[in-house]
Protein chains: 2
Amino acid sequence: MTTFFAPIRPKKISEEIVIQIKELISKGALKPGDRIPSERDLATMLGVSRPSVREAITILDAMGFLDSRQGGGTFVKVLTDETITDPLSKLVEQQDPEVLRALAEVRMGLEGWSAYLAAERATDEDIAELRRLCKIMKKEAARGGWDTDVDSQFHYAITAASHNSLQTHVLRSIHSLLHATIQVALTEFYKQNGFVDLLLTHHTNITEAIADHKPELARQRMVEHLSLVEEKMAELLAAKG
Amino acid sequence: MTTFFAPIRPKKISEEIVIQIKELISKGALKPGDRIPSERDLATMLGVSRPSVREAITILDAMGFLDSRQGGGTFVKVLTDETITDPLSKLVEQQDPEVLRALAEVRMGLEGWSAYLAAERATDEDIAELRRLCKIMKKEAARGGWDTDVDSQFHYAITAASHNSLQTHVLRSIHSLLHATIQVALTEFYKQNGFVDLLLTHHTNITEAIADHKPELARQRMVEHLSLVEEKMAELLAAKG
DNA sequence: GTGCGAGAATTGGTCATACCAATAACCATT
DNA sequence: AATGGTTATTGGTATGACCAATTCTCGCAC
């Protein structure tokens with residue numbers, strides 16, 4: 001009897017923008033690392049003024065979804081909360097081989113799963129992208145070289161093909177922990193031992209398993225691939241330590 | 001070797017204001033319910049422009065410290081411990097079915113991998129613990145009941161048996177996100193449909209696969225198990241929405 | 001051709017100003 | 001005293017301008 005009428009809350013337009021962008025991120029349309037349009041562009045796109053867009057971005061920045069850099073642009077951050085990565089990053093810093101092994105193992109599980117999901121859901125565009133990256137790697141390999149950036153892109157492309165944005169975020173945060181400390185050192189190692197051909201074969205096989213939509217096979221090949229990488233990584237650390 | 005120097009980030013002046021106001025609140029100079037000076041007054045007091053003050057207030061608003069009402073003013077909010085700052089939590093708390101599905105899928109990958117590793121490395125003690133929990137669940141199931149706490153313990157025990165502390169850490173943080181929002185609601189659902197027997201069978205089968213040290217089988221059964229759970233969860237959400 | 005540095009274009013950060021809309025305080029009427 | 005309108009205050013939005021950091025590009029020198 002008392003409340004026939006509910007209180008009316010006129011939504012601020014910045015809130016509307018916040019919701020829109022947040023959805024784009026959760027749906028995976030905006031992936032971590034992506035740069036969103038400039039404030040001025042967004043303003044014209046949405047038909048609002050720059051301050052409104054700016055306020056929305058400020059909120060999302062405070063929430064941890066975005067990161068704005070003056071002159072650079074505004075980027076989508078990885079969503080993984082600090083409770084996951086904070087303790088981990090400290091552990092990784094000390095280069096404890098045991099920790100690195102454990103981390104590589106976690107990555108193995110995650111990337112294997114990404115490959116599995118990718119094989120289930122990859123679109124033709126996803127597959128084309130994977131093949132494109134394979135081709136680039138093949139070229140490099142023919143000269144005995146290896147581009148770790150392309151390598152990374154390949155792995156990211158697989159996660160993207162899983163069409164699960166949360167999987168992308170979680171994996172990306174794990175991957176970055178390893179990438180920073182190890183990947184660079186691996187480059188030299190690969191070249192020395194002529195592993196490039198083997199790596200290329202691995203990548204090609206994974207790609208084909210995904211293209212054929214064989215989840216279990218894709219997962220298995222990814223795990224095998226990462227096992228080799230981890231093995232070599234361990235050797236490298238043992239030699240140095 | 002790599003980082004003697006930390007990246008320098010010239011602090012935005014809005015950040016400075018945020019810090020100032022946050023301190024005033026934490027010191028108790030600003031109590032919950034208090035109205036802070038108007039944006040225009042603050043701007044002149046601090047010797048900055050209104051947009052800067054406004055940005056600071058926007059951030060504090062998003063953080064939950066302040067509450068602005070057009071025409072009314074800006075007030076200090078009551079500080080609840082519920083103030084969640086993690087981006088992942090922010091996504092989950094809006095109960096978007098799509099996000100929850102994605103999260104459940106991530107969990108599927110992680111727990112499947114945990115089961116795999118557990119099957120490889122489980123000690124006799126680990127296996128004994130799993131069997132003990134199964135026995136408890138069996139007792140409950142005989143009465144048509146289900147204890148979600150024991151259920152959780154079972155899953156945690158498997159991760160523990162993987163003997164990879166990082167895996168445990170990552171999975172636990174993901175799991176907690178789901179647990180908070182869903183698990184409770186599932187309890188009722190299980191009872192209604194007499195699923196307890198099926199769940200018990202799943203758990204038993206997983207345990208035996210681990211005990212027999214059959215990684216691939218354990219993983220597969222875990223994924224199947226969680227697939228069912230996720231399916232039921234989706235039904236539950238669809239019914240509610 | 002390759003590498004590098006200066007300059008231009010882009011982009012977020014700040015400021016000033018104006019006006020709109022919601023609120024609250026005040027006041028006059030009843 | 002209660003009610004309804006008036007007015008001043010306050011946050012919300014819009015516009016335009018300029019600054020500062022970054023990135024890109026292009027031409028120069030090697």
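Bear in mind the structure is a predicted one, so any value in this text is a computation, not a measurement. The sequence lines fix the lettering, A, B, ..., with proteins before strands; numbering per chain opens at 1.
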> On DNA chain C, nearest-nucleotide positions of A:G73 versus A:P51: which is more 5'?
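Looking at DNA chain C, the more 5' nearest nucleotide goes with A:G73.
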> Return whichever of A:G72 or A:V48 has its heavy-atom-nearest nucleotide of DNA chain D closer to the 5' end.
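Looking at DNA chain D, the more 5' nearest nucleotide goes with A:V48.
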> Looking at A:A119 and A:K214, what are the two nearest heavy atoms and their distance?
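Heavy-atom minimum between the residues: CB-C, 3.7 Å.
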> Is B:I13 touching bases, backbone alone, or none of the nucleic acid, heavy atoms closer than 4.0 Å?
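Sugar-phosphate contact only.
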> Would you indicate which nucleotide in D:dA14, D:dC19, C:dC15 comes nearest to any side-chain atom of A:S49?
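Nearest to the side-chain atoms of A:S49, counting from C-beta on, is D:dA14.
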> With respect to the side chain of A:R40, which nucleotide from D:dT10, C:dG13, C:dC15 is positioned closest?
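Ranking D:dT10, C:dG13, C:dC15 by closest atom to the A:R40 side chain puts C:dG13 first.
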> Okay, side chain of B:Q167, backbone of B:L110: is any donor-acceptor separation there less than 3.5 Å?
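Yes, because the side chain of B:Q167 sits within donor-acceptor range (under 3.5 Å) of the backbone of B:L110.
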> Counting just side-chain N and O atoms, does A:S14 come under 4.0 Å of either OP1 or OP2 of D:dG12?
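No, outside the criterion.
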> Between D:dG11 and B:T74, is there an OP1 or OP2 to side-chain N/O distance shorter than 4.0 Å?
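Checking B:T74 against D:dG11: at least one side-chain N or O falls below 4.0 Å of OP1 or OP2.
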> NZ of A:K12 versus P of C:dA22: gap in Å, rounded?
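Going from NZ in A:K12 over to P in C:dA22 covers 14 Å.
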> Can you check whether A:R50 has a side-chain N or O nearer than 4.0 Å to OP1 or OP2 of D:dA14?
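Answer is no, no contact under 4.0 Å.
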> Short question: side chain of B:D61, backbone of B:D67 - any donor-acceptor pair under 3.5 Å?
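Between the backbone of B:D67 and the side chain of B:D61 there is no qualifying donor-acceptor contact (under 3.5 Å).
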> Can you tell me how far C1' of D:dA14 sits from CZ of B:R54, to the nearest Å?
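Answer to the nearest Å: 12 Å.
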> Quick one: which of C:dT14, D:dA14, D:dA20 gets closest to the side chain of A:S52?
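Selected nucleotide (nearest to the side chain): D:dA14.
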> Find the distance A:I57:CD1 to D:dT13:P and express it as a whole number of Å.
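Value for this atom pair: 15 Å.
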> Could you check whether any side-chain N or O of A:R221 sits under 3.5 Å from a backbone N or O of A:N205, counting only pairs where one atom can act as donor and the other as acceptor?
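Yes; at least one donor-acceptor contact below 3.5 Å.
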> In whole Å, what is the span from the CG atom of A:L66 to the P atom of C:dG13?
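Answer to the nearest Å: 11 Å.
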> How many Å lie between CD on A:E16 and C1' on D:dT13, as a whole number?
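In whole Å, D:dT13 C1' lies 14 Å from A:E16 CD.
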> Nearest whole Å is fine: how far is D:dA14 P from A:L46 CG?
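After rounding, the gap between these two atoms is 11 Å.
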> Report the C-alpha separation of B:T74 and B:S68 in whole Å, then their side-chain angles, then the decisive distance to 0.1 Å, and conclude whether the side chain to side chain donor-acceptor pair (under 3.5 Å) test is met.
CA-CA 4 Å; B:T74 302; B:S68 288; 3.0 Å; yes
> D:dA14 P sits how many Å from A:L42 CG, rounded?
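A:L42 atom CG is separated from D:dA14 atom P by 14 Å.
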> Can you measure A:E55 atom CD to C:dT14 atom C1' for me and round it to whole angstrom units?
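That distance rounds to 16 Å.
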> With respect to the side chain of B:E39, which nucleotide from C:dG13, D:dT15, D:dG12 is positioned closest?
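Of all the options, the side chain of B:E39 is nearest to D:dG12.
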